Amino acid sequence: MEKQYDVLSRISGRYDRMSKGHKAIAAFISDHYDQAVFMTAAKLGETLGISESTVVRFASGIGYEGYPEFQKALEECVKSKLSSIQKMDAKYGKSSQSEVLTSVLTSDIEKIQHTIEHLDPAAFEQAVSTILEAECIYIMGLRSNEPLAEFLHFYLNMIRGGVILLKTTSVSETFEQMIRIGHRDCFIGISFPRYSMRTLKAMEFASDRNAKVIAVTDSANSPMNLYSACHLLARSDMVSIVDSLVAPLSVINALVVALCLRCPREVKHNLEMLEETWNNYQVYLNDEINFIDDEPILDYSLRRGQDTEDLRQ
């Protein structure tokens with residue numbers, strides 16, 4: 001029986017050697033496999049604007065005897081979603097809430113420990129140096145990986161300028177946002193199973209433009225490593241139907257801390273400037289209580305009006 005997502009793993013593993021037409025098929029199936037499973041070879045070709053024979057050759061090219069066998073593998077991929085829910089029910093169905101909590105947290109601790117033992121310190125150092133030396137940094141993480149990309153973007157933007165978060169559902173818009181990427185720049189691609197073909201294509205584009213590419217992914221066999229010179233590997237398994245991203249977030253957190261320690265003056269200057277901006281424009285006065293002379297200011301606009309009235313008197 002096909003392993004979960006085995007067909008998608010085959011596609012990812014062969015993507016680098018595919019023709020332009022086959023890459024278009026691979027991208028569509030990876031992002032829309034739940035729709036492709038119901039399409040004939042002719043319908044899939046019509047959707048992508050390519051011939052039916054090209055679709056059939058694609059199926060053969062990734063190791064299937066023909067399109068029917070390939071489509072059956074897609075069916076197994078879709079069924080595996082239900083299987084995951086059943087497995088979760090079998091594992092946790094009779095557990096108390098506290099037992100579920102303990103089990104999940106223990107599993108996350110094990111993933112962090114595994115990451116500590118297997119992450120390459122040289123790759124981590126290389127990533128820190130690459131980010132510091134880059135003229136512009138592009139960050140991309142989609143679907144469940146999007147919060148990781150946003151977290152990294154938020155803190156890198158505090159440390160330095162020239163940080164761009166790529167957020168789009170369109171491949172063409174991704175390339176439009178990356179059109180100026182070059183050899184002085186850095187691209188950070190974040191992707192864990194199911195791997196994002198859009199992120200992989202963006203990494204391929206960055207590599208073709210001679211940018212430094214960093215992959216934050218789960219294993220040495222990840223297709224995200226095809227175009228990266230630096231791999232930051234963090235364990236990420238499915239506890240149930242959701243991905244555990246605790247270890248990847250810890251690696252990204254460590255990356256931010258290491259960057260701060262490498263350029264403390266710049267970080268201190270940027271944070272002081274940001275703090276001054278917050279104070280000057282009362283960014284937090286409307287939703288946070290600040291204490292001045294042990295007296296809370298709850299509404300700055302009212303206090304300012306009262307102060308003006310006092311001066312007039």
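In what follows, residues are counted from 1 in the order of the sequence shown. All values derive from a computational prediction rather than experimental measurement.
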| message | So if I apply the side chain to side chain contact (heavy atoms under 4.5 Å, CB included) rule between V251 and each of L148, L233, L119, which one comes out positive? | response | L119

| query | Which distance, rounded to the nearest 0.5 Å, do you find between the CG of L226 and the CZ of R14? | reply | 12.5 Å

| field | Straight-line distance of R209 CZ to R184 CZ, nearest 0.5 Å | value | 13.0 Å

| Heavy-atom side-chain contact between N253 and F151 under 4.5 Å | yes

| Taking the inter-plane angle between the rings of Y67 and F70 on a 0 to 90° scale, is it parallel (under 30°), tilted (30 to 60°) or perpendicular (over 60°)? | tilted

| request: Look up atom SG in C230 and atom CD1 in I214, then write down how far apart they are to the nearest 0.5 Å. | output: 5.0 Å

| message | When you compare the side chain of I190 with that of P248, does any pair of heavy atoms fall below 4.5 Å? | response | no

| Quick one: CZ on R235 to CD1 on I116, what's the gap to the nearest 0.5 Å? | 13.5 Å

| side chain to side chain contact (heavy atoms under 4.5 Å, CB included), paired with F28, selected from M197, M39, K23 | M39

| query | Can you list every side chain to side chain donor-acceptor pair (under 3.5 Å) pair that touches residues 147-162, not counting sequence neighbours? | reply | E150-K167

| message | When you measure from the centre of the six-membered ring of Y64, is the NZ or CZ of R10 closer than 6.0 Å and no more than 45° off the axis? | response | yes

| message | Hydrophobic cluster membership, with links at side-chain heavy-atom distances under 4.5 Å among I/L/V/M/F/W/Y: are I137 and V256 in one? | response | yes

| Residues in ring pair (Phe, Tyr, Trp, His ring centres under 6.0 Å) with F154, at least two apart? | none

| query | Taking atom types as modelled and ignoring hydrogens, do the side chains of D218 and S236 form a donor-acceptor contact shorter than 3.5 angstrom? | reply | no

| task | Classify the ring geometry between Y15 and Y227 as parallel (under 30°), tilted (30 to 60°) or perpendicular (over 60°). | result | perpendicular

| request: Calculate, to the nearest 0.5 Å, the distance between atoms CG and OH belonging to N145 and Y195 respectively. | output: 10.5 Å

| field | Side-chain donor-acceptor contact under 3.5 Å, E75 with Q71 | value | no

